[in-house]
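Quick note on labels: first sequence line is chain A, next is B, and so on, each numbered from 1. Basis for what follows: all heavy atoms, side chains included, without hydrogens, waters or symmetry-related copies.
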Amino acid sequence: MENNVPRVRFAPSPTGFLHIGGARTALFNWLYARHNDGVFVFRIEDTDRTRSTDEYIAAILDGMKWLGLDWDEGPYRQTDRMDIYKKYIRKLIDEDKAYYCYCSPGELEQRRKEAAGTGGHMKYDGRCRERKTPVPDVRPVVRFRMPRDGKTVVEDLIRGNVAYDNAMFDDFIIMRSDGTPTYNFVVVVDDVEMGMTHIIRGDDHLNNTPKQIHIYRALGCNVPKFAHLPMILGSDKTRLSKRHGATSVQAYREMGYLPEALLNYLVRLGWSYGDQEVFSRDELVEKFTLDNIGKAAAVFNPEKLLWMNGQYMKDTPSSKLGELVMPFLVRDGILSEGHALDEEWLSRAIDTLKERAKTLVDMAKSLRYYIAEEVEFDEKARAKFLNEKSLPYLEDLRDAVSADDDFSERSLEEIFKAIMEKHDIKLRKIAQPVRVAMTGGTESPGIFEILDIIGKEKVIKRLEKAITMIKVS
RNA sequence: GUCCCUAUCGUCUAGCCUGGCCUAGGACAUCGCCCUUUCAAGGCGGUAACACGGGUUCAAAUCCCGUUGGGGACGCCA
């Protein structure tokens, strides 16, 4: 044959932001394509015109780009392809594989309710199946003629063979009365037209698959391979939703997560490679295969994601983190827009912070005390450490630092040592008050490190401020 | 209601296909200790799971059946 290049796709519907589950589906498809030197197609399923918006399309594109999931074809939009669908529907009607149905939504809803009440099947009864004449003044839908007996087997790469009794399916609608086609139909037409070889998607589509298989057959096309991914659930084991906290990719972006970390966390929801937890992108591409995917649904655990992000923060070069943290500094009012920082200085500051910061937001927050003119004090910390007791140490330190032309880590250590000896105290007695004077709080990198980063001038200023505060109170 | 999927520590998972190496391994979280100028990080150690019941077998987390739990689908949503 002409070729056997695997072709896969990610096909979200733009009725919301790119969420965690969608991102993972996209990731698995992307990895499959990259691992197998295949083609990754991006398609927007926007046939639901009432709920799809351009804003969401833009947001999903943005999310994909941020995650670095680049596509080889697309994005295709189904609303641009209506002529294609109409052509196929025409064909099915002409071949009597589909037919017009004149039942109104109200009638259908009514019958469904009755069926549910009496324990029967909630499916369309097929009453327009053999109708030869149109009902006047009614815009009909088009239904697909499903077989009434026999079985349909879905050969799933993850779940094995799954058999369905055809008797349980009804003749589903493939075209609405307004002339637009529906999901189960367009998805097949597009996957056929776009030459998809593998359909990797959420588990929630497994039950749709037999219907789609019959469409493939009716169209006279090859059925692709299917791989249905286990779902991602919230902490209470129900479908992941806003109730469980942030679910959109951009929300994590705004909380200061790194795309690589999010991807790494997501890939481990359902996929594993022995005991390994941390994978570079290249490693993932190299190691990803469908047979390491589990079958059971996974619970999304924000704490592990946070840990994962910390791992990536540590391993990201400080210069890179500097670039990444800039927007957060501006957003959180730590730096005014357009104000530049010395790159080398920022890098050094980040060196001291990246081991402890779990997110870019954390880092920005810590950077505040390096950058700001005025320290913001935590009241508890201030009360505990900036008081009469620490006053003499702070005064001594101010005097010594002012006289210290060197202001190196080494000279500072000497100064501290001298003060410790003079007052016969341990380092902690002086380090904590100084830390509070410098940062406003009790948590920070090593005391000599932060003095070095803050710089002599500001150090003296902050010591003065602390001393004044103690004296005034 | 009907159908489909699924089931190892609180959570993500390895092991299951090709039974014995499993007194079930790793990671997050948690607890304790160490390191220490704080908070982290790091190091060391601990608590913690084969859902249940039947089979098959010399032997079952691993194979079979059932039960229960969880999830999903049954739309003129995707």
Side-chain angles (χ1 to χ4, degrees), chain A residues 11-15 45-48 50-52 101 103-105 108-109 112 115-124 139-143 154 156 158-160 162-165 167-170 172-178 180-184 186-187 202-210 228 230-231 233 235 237-239 265 268-278 291-292 294-308 310 314 353-358 362 366 381 385 416 420 426-432 434-436 439 441-448:
Chain A
S13 69
T15 54
E45 310 227 323
D46 58 348
T47 56
D48 181 359
T50 58
R51 294 199 299 151
S52 301
C101 168
C103 301
S104 74
L108 260 17
E109 180 60 24
R112 252 197 301 276
T118 58
H121 282 193
M122 301 162 76
K123 56 178 224 180
Y124 173 68
R139 302 267 302 155
V141 299
V142 175
R143 285 184 185 273
V154 177
D156 191 274
I158 293 172
R159 282 155 216 290
V162 183
Y164 294 85
D165 266 324
M168 62 168 303
F169 300 116
D170 61 1
F172 57 97
I173 292 169
I174 59 175
M175 190 183 84
R176 303 182 182 93
S177 51
D178 67 0
T180 58
T182 60
Y183 168 75
N184 278 120
V186 283
V187 73
D203 213 355
D204 47 340
H205 289 286
L206 183 59
N207 291 328
N208 285 325
T209 309
H228 286 95
M231 306 252 82
L233 310 176
S235 52
K237 302 227 181 201
T238 62
R239 204 186 183 121
Y265 175 70
R268 289 283 294 100
L269 250 32
W271 180 83
S272 61
Y273 190 81
D275 285 339
Q276 191 171 345
E277 294 285 350
V278 182
D291 37 53
N292 289 322
K295 299 177 180 181
V299 173
F300 182 76
N301 182 347
E303 279 168 355
K304 189 163 181 181
L305 169 58
L306 188 62
W307 167 81
M308 184 67 79
K314 259 194 291 203
L353 259 20
K354 69 179 188 180
E355 289 279 335
R356 60 219 310 122
K358 291 267 199 285
D362 281 354
S366 298
F385 294 104
F416 271 73
M420 283 157 65
K426 295 216 183 250
L427 178 58
R428 61 195 314 156
K429 287 286 175 200
I430 179 165
Q432 270 314 67
V434 171
R435 191 185 315 277
V436 175
T439 70
T442 53
E443 303 160 22
S444 87
I447 197 74
F448 300 115

Exercise. Could you give the CD1-to-P distance, from I430(A) to U38(B), as a whole number of Å?
Worked result: 14 Å
For this session: Any strand is fair game: report the nucleotide pairing with C22(B) by Watson-Crick or G-U wobble, both distances under 3.5 Å, or none.
Result: none
For this session: Just call it for G270(A): base, sugar-phosphate, or nothing, with non-hydrogen atoms closer than 4.0 Å on any strand.
Result: sugar-phosphate
Exercise. At under 4.0 Å between heavy atoms, what does P230(A) touch on the DNA or RNA strands: base, sugar-phosphate, or nothing?
Worked result: nothing
For this session: Indicate, with a heavy-atom threshold strictly under 4.0 Å, whether S272(A) touches base, sugar-phosphate, or nothing.
Result: sugar-phosphate
Exercise. So what does F300(A) touch, heavy atoms closer than 4.0 Å: a base, only the sugar-phosphate, or nothing?
Worked result: nothing
Extract from the structure each pairing of a protein N or O with an N or O of nucleotides 61-66 of chain B at less than 3.5 Å, listing the distance.
none

Problem set entry | Nearest-Å distance once atom C1' is located in both U6(B) and U13(B) | 16 Å
Problem set entry | N or O in side chain of K314(A) less than 4.0 angstrom from G42(B) OP1/OP2 | yes
Exercise. Who does A14(B) pair with, Watson-Crick or G-U, both distances under 3.5 Å?
Worked result: none
Problem set entry | Closest to side chain of F448(A), choosing from A14(B), U37(B), U11(B) | U37(B)
Seminar exercise, completed: The side chain to side chain donor-acceptor pair (under 3.5 Å) partners of K304(A) (sequence neighbours excluded) come to E277(A)
Seminar exercise, completed: Residues at least two apart in sequence or cross-chain that pass ring pair (Phe, Tyr, Trp, His ring centres under 6.0 Å) with Y273(A), listed by chain then number, are none
For this session: Determine the contact category for R435(A): base if any of its heavy atoms lies under 4.0 Å from a base atom, sugar-phosphate if only primed atoms, P, OP1 or OP2 are that close, otherwise nothing.
Result: base
For this session: Would you mind building the protein contact string for nucleotides 25-32 of chain B? One character per nucleotide, 5' to 3', B for base within reach (heavy atoms under 4.0 Å), S for sugar-phosphate only, - for untouched.
Result: BBBSS---
Exercise. Taking the same atom, P, in C16(B) and in A7(B), what whole-Å distance lies between them?
Worked result: 14 Å
Dump the pairs, protein N or O against N or O of nucleotides 48-51 of chain B, anything under 3.5 Å, distances to one decimal.
none

Exercise. According to the Watson-Crick and G-U wobble definitions, with both distances under 3.5 Å, which nucleotide is paired to U2(B)?
Worked result: A73(B)
Exercise. What string of B, S and - do you get for nucleotides 70-78 of chain B, 5' to 3', if B is base contact, S is sugar-phosphate-only contact and - is no contact with any protein heavy atom under 4.0 Å?
Worked result: SSBSSSBBB
Problem set entry | Residue matched to C52(B) through Watson-Crick or wobble contacts both under 3.5 angstrom | G66(B)
